[in-house]
There are 2 protein chains.
Amino acid sequence: MPTPQVASCAFSDEHNHQRCIRTALATAERLCADRRCRLTPVRKRVLELVWQSHTPLGAYQILAQLGDEGFNSAPPTVYRALEFLQEQGLVHRIASLNAFTGCCAPDRQHHGYFLICRQCGRAHELEGQPLSQALREQAARQGFMVEAETVELTGLCPHCREPLA
Amino acid sequence: MPTPQVASCAFSDEHNHQRCIRTALATAERLCADRRCRLTPVRKRVLELVWQSHTPLGAYQILAQLGDEGFNSAPPTVYRALEFLQEQGLVHRIASLNAFTGCCAPDRQHHGYFLICRQCGRAHELEGQPLSQALREQAARQGFMVEAETVELTGLCPHCREPLA
DNA sequence: TGCAAAACTGTTATGTTATAACAGGATTGT
DNA sequence: ACAATCCTGTTATAACATAACAGTTTTGCA
């Protein structure tokens, strides 16, 4: 079993998140080098900002931070960077939040399935290749060929459930 | 097995869609009467417009049509009607399209899982209580309690696949 | 019936998210 | 060195959604 490049960490507070970020950036550098595509300064910084946030980040939140740092800060700048990062599988867009989050395993082939906590706002990738298989089979039964999957489950994460238990 | 109130019809052209619409409206009338809530003229008309469309309808498309008919046509009018209809389970919102579509089985307890054709733009509800069960179990394994589910599969519907085969 | 509370609608304004279109600059391959 | 490609800057605008407050209709109940 291959070691994941970036530990999934969204629901666990007690870890060195700086390390997560560094690892994520290093992985991105490597992937882009392999693929002969360019992780330019804006793109890299956007990826870093996305990773730095506990919770999925809206495009305009990213934009504001870039602006503070002297980067150009018109919307297309951010949307272009995000588009690139999505194409490379480095970030996922969460449709139900209109927000973006770092991908925990950009080199592993997968779809972004998410668990989204309505309390703390964190989003965590849901494990489960078999689920995708099941979804696709059910769709096929209705004659439908699936190309992309949006699966976003909202509820309470372990931490936020605790006080209620 | 109870007969569904409204045949699911999004991917089948050859049927009397007027009948679907009438049935959907009649079901809505009945449900609202049972629940002692008010299917007012705007709400009813919005539901009808949503049903009349082949493809999921954006709020501003609905708004434009209401305007043409002399209804008040500021955004809140439509969003309020849609909110009501969603609460009553009469329409679903499709997050990945920012659009709304009629619910095929408003009296049956279910979540809106969708198959969305990227070619013709139609959306079809995906059957499958077992899938929900599987998703919830997988989430539970990660300590997460699911409250709401967004499942939207994009791809090609039977009709649009045909020419390719 | 009459009145207060609740539900619904009208209206204005504004907030939020995303893209079009075109110009200019950097990088790459040959 | 230079042409092609890719990337970024900039302005404008499109598309989606809600806040806040005023007025009207309906409902429940004394």
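Order of the sequence lines sets the chain letters (A, B, ...), proteins ahead of strands, with each chain counted from 1.
Per the geometry, CZ belonging to A/F71 stands 10 Å off P belonging to D/dT8, to the nearest Å. The interatomic distance linking A/L82 (CG) with C/dT19 (P) rounds to 10 Å, in whole Å. Atom OH of B/Y79 and atom P of C/dT9 are 17 Å apart (whole Å). Spacing between atom CZ of A/F84 and atom P of D/dC6 amounts to 12 Å, rounded to whole angstrom units. At whole-Å resolution of the value, CZ in B/R36 and C1' in D/dT26 are 15 Å apart. Between A/N72 atom CG and C/dG25 atom C1' there is a gap of 13 Å when expressed in whole angstrom units. A/E83 places its CD atom 14 Å from the C1' atom of D/dT8, with the value rounded to the nearest Å. If you take CZ of A/R80 and P of D/dG9, they are 8 Å apart, rounded to a whole angstrom.
When each of A/N98, A/T150, A/L82, A/L85 is checked for a side-chain contact (heavy atoms from CB on, under 4.5 Å) with A/R93, only A/N98 meets the rule.
The local environment of CZ in A/R35 is crowded, with over 12 non-hydrogen atoms from other residues, nucleotides or ligands closer than 6.0 Å.
At a threshold of 4.0 Å, the pair A/E48-A/R45 counts as salt-bridged, since one of the basic side-chain nitrogens sits closer than that to a carboxylate oxygen.
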| ring-ring contact (aromatic ring centres under 6.0 Å, His included) evaluation trace for B/F114 with B/H92 | CA-CA 10 Å; B/F114 284 95; B/H92 293 289; 5.3 Å; yes
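Contact check for A/L39 versus A/F84: side-chain heavy atoms found under the 4.5 Å cut-off.
Considering only side-chain N and O atoms, A/N98 lies nowhere under 4.0 angstrom from the phosphate OP1 or OP2 of D/dC16. Taking 4.0 angstrom as the limit, B/R43 places a side-chain polar atom (N or O) nearer than this to OP1 or OP2 of C/dT9.
Proximity note for A/R93 (side chain, C-beta onward) versus D/dC7, C/dA18, D/dA17: the nearest is C/dA18.
Although no hydrogens or angles enter the test, the distance criterion places a donor-acceptor pair under 3.5 Å between the side chain of B/R161 and the main chain of A/G143. Counting only distance, with no hydrogens or angles, the side chain of B/H110 and the backbone of B/E127 share no donor-acceptor pair below 3.5 Å.
Toward the 5' end of DNA chain D, the nearer of the two residues A/P41 and B/Q61, judged by each one's closest nucleotide, is A/P41.
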Below 3.5 Å is the cut-off: list the nitrogen or oxygen pairs between protein and nucleotides 12-16 of chain C, distance only.
none

